[in-house]
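Below is one structure, written out as structure tokens; comments come after it.
The model shown is predicted, which means the values in this text are computed figures rather than measured ones.
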Amino acid sequence: MTDSSGSPRGQQHIDDSEFLEIARDPALARLLRKQLETLAEGRSGKVLAEMASEVLAGRIGLREAVRVGAYDEALTSAAGKFQEGWDNMTEFERSEAEKEGSRVLSQQQEEIDQERLSQNPSGTRNGDFRGGNRHSSKGWSLY
């Protein structure tokens, strides 16, 4: 049985914010999480499914996971297959794939923007009515 996040009931499921340090962009972090969810479904093999499940459950960080021998081997093999497929594409096919990637990234950013807007319709960030970063000391003083 699963909970509302799609995780098996009782298991933690991490969100996009866990990947911001690696991705450095909210839309890329979301895509990374979604790709891990796809890997966890097992279409790329049991080893990558296990790795993705462990990362998504918060039992291991992504950086630590790629240092595990079996996970590293499976990722290296998958990356090699991807590279081979990319190398076999024509320039036109590569260009189309790049355009599709840009489109998907823009779509993810729009989704994030809509979620933020629906969570905070006033347009201000949570906890900061000046519109700045919540953890910023701007506009605050002890004296």
Side-chain angles (χ1 to χ4, degrees), residues 1-140:
M1 197 156 225
T2 61
D3 63 18
S4 62
S5 70
S7 299
R9 200 168 276 186
Q11 286 188 2
Q12 176 185 1
H13 189 78
I14 61 175
D15 64 13
D16 302 349
S17 65
E18 295 291 329
F19 304 111
L20 275 173
E21 186 180 327
I22 293 169
R24 300 183 189 256
D25 176 88
L28 287 172
R30 176 162 295 186
L31 284 172
L32 179 54
R33 180 189 46 80
K34 286 182 175 184
Q35 288 303 309
L36 285 167
E37 289 171 350
T38 299
L39 287 174
E41 293 171 2
R43 289 186 234 157
S44 295
K46 291 180 182 179
V47 175
L48 290 179
E50 177 186 297
M51 180 206 70
S53 294
E54 292 295 305
V55 171
L56 289 169
R59 289 187 287 272
I60 188 171
L62 186 57
R63 285 191 171 126
E64 292 79 24
V66 299
R67 292 185 191 123
V68 173
Y71 299 159
D72 177 51
E73 286 177 31
L75 285 167
T76 300
S77 175
K81 289 175 186 173
F82 173 83
Q83 184 65 51
E84 185 178 322
W86 184 261
D87 291 343
N88 289 329
M89 290 175 137
T90 65
E91 274 304 310
F92 177 77
E93 291 170 324
R94 287 184 195 153
S95 175
E96 291 300 306
E98 288 171 0
K99 287 176 190 173
E100 176 64 10
S102 294
R103 187 194 65 74
V104 169
L105 190 59
S106 293
Q107 180 182 17
Q108 295 304 306
Q109 187 59 57
E110 288 174 23
E111 209 175 272
I112 291 167
D113 293 344
Q114 286 300 316
E115 288 169 10
R116 287 180 180 161
L117 187 58
S118 69
Q119 290 172 358
N120 193 3
S122 67
T124 60
R125 295 183 181 175
N126 292 338
D128 187 347
F129 299 102
R130 299 172 202 268
N133 187 316
R134 176 177 142 181
H135 298 288
S136 168
S137 62
K138 193 175 189 177
W140 185 87

**Study point:** Side-chain (D72) to main-chain (V68) donor-acceptor, under 3.5 angstrom
**Key:** no

Check your understanding: Can you name the residues that form a side chain to side chain contact (heavy atoms under 4.5 Å, CB included) with K81, not counting sequence neighbours?
Key -> S77

Revision key, fill the gap. Salt bridge (Lys or Arg N to Asp or Glu O under 4.0 Å) filter on R67, not counting sequence neighbours, yields none

Point to revise | Least distance between heavy atoms, I14 atom then G58 atom | key: CG2-CA, 3.9 Å

Study note, to complete from the structure: Residues A29 and D16: closest non-hydrogen pair is CB-O, 3.5 Å

Practice item. State which residues pass side chain to side chain donor-acceptor pair (under 3.5 Å) with Q83; sequence neighbours excluded, sorted by chain then number. Key: D87

Check your understanding: Looking only at heavy atoms, what is the nearest atom pair of V47 and A70, with distance?
Key -> CG1-O, 3.5 Å

Check your understanding: Residues two or more places apart in sequence or in another chain: which of them pass side chain to side chain contact (heavy atoms under 4.5 Å, CB included) with K99?
Key -> S95, E96

**Study point:** Residues forming a side chain to side chain donor-acceptor pair (under 3.5 Å) with E41, sequence neighbours excluded
**Key:** R43

Review point. What distance do M51 atom CE and L48 atom CG have between them, rounded to the nearest 0.5 Å?
Key: 5.5 Å

Check your understanding: Under the side chain to side chain donor-acceptor pair (under 3.5 Å) test, which residues partner E115, sequence neighbours left out?
Key -> R30

Check your understanding: Is any NZ, NE, NH1 or NH2 atom of the basic residue among E18 and R33 found under 4.0 Å from an Asp or Glu carboxylate oxygen of the other?
Key -> no

Exercise for review: Identify, with sequence neighbours excluded, every residue that meets side chain to side chain contact (heavy atoms under 4.5 Å, CB included) alongside A49.
Suggested key: none

Review point. E110: what forms a salt bridge (Lys or Arg N to Asp or Glu O under 4.0 Å) with it, not counting sequence neighbours?
Key: none

Practice item. Report the residues that fulfil side chain to side chain donor-acceptor pair (under 3.5 Å) with S17, sequence neighbours left out, ordered by chain and then residue number. Key: D15

**Study point:** Partners passing salt bridge (Lys or Arg N to Asp or Glu O under 4.0 Å) against R94 (at least two apart in sequence or in another chain)
**Key:** E91

Point to revise | OG on S53 to NE2 on H13, rounded to 0.5 Å | key: 10.0 Å

Point to revise | Q119 side chain vs R116 backbone, donor-acceptor pair below 3.5 Å | key: no

Point to revise | Between CD on residue Q35 and CG on residue L31, distance to nearest 0.5 Å | key: 7.0 Å

Check your understanding: Quick one: side chain to side chain contact (heavy atoms under 4.5 Å, CB included) partners of E54, sequence neighbours excluded?
Key -> E50, R59, I60, Y71

Practice item. Please say which of L36, L39, L62 ends up in a side-chain contact (heavy atoms from CB on, under 4.5 Å) with L56. Key: L36

**Study point:** Step-by-step side chain to side chain contact (heavy atoms under 4.5 Å, CB included) determination, F19 to L28
**Key:** CA-CA 8 Å; F19 304 111; L28 287 172; over 6 Å; no

Check your understanding: Under the salt bridge (Lys or Arg N to Asp or Glu O under 4.0 Å) test, which residues partner E100, sequence neighbours left out?
Key -> R103

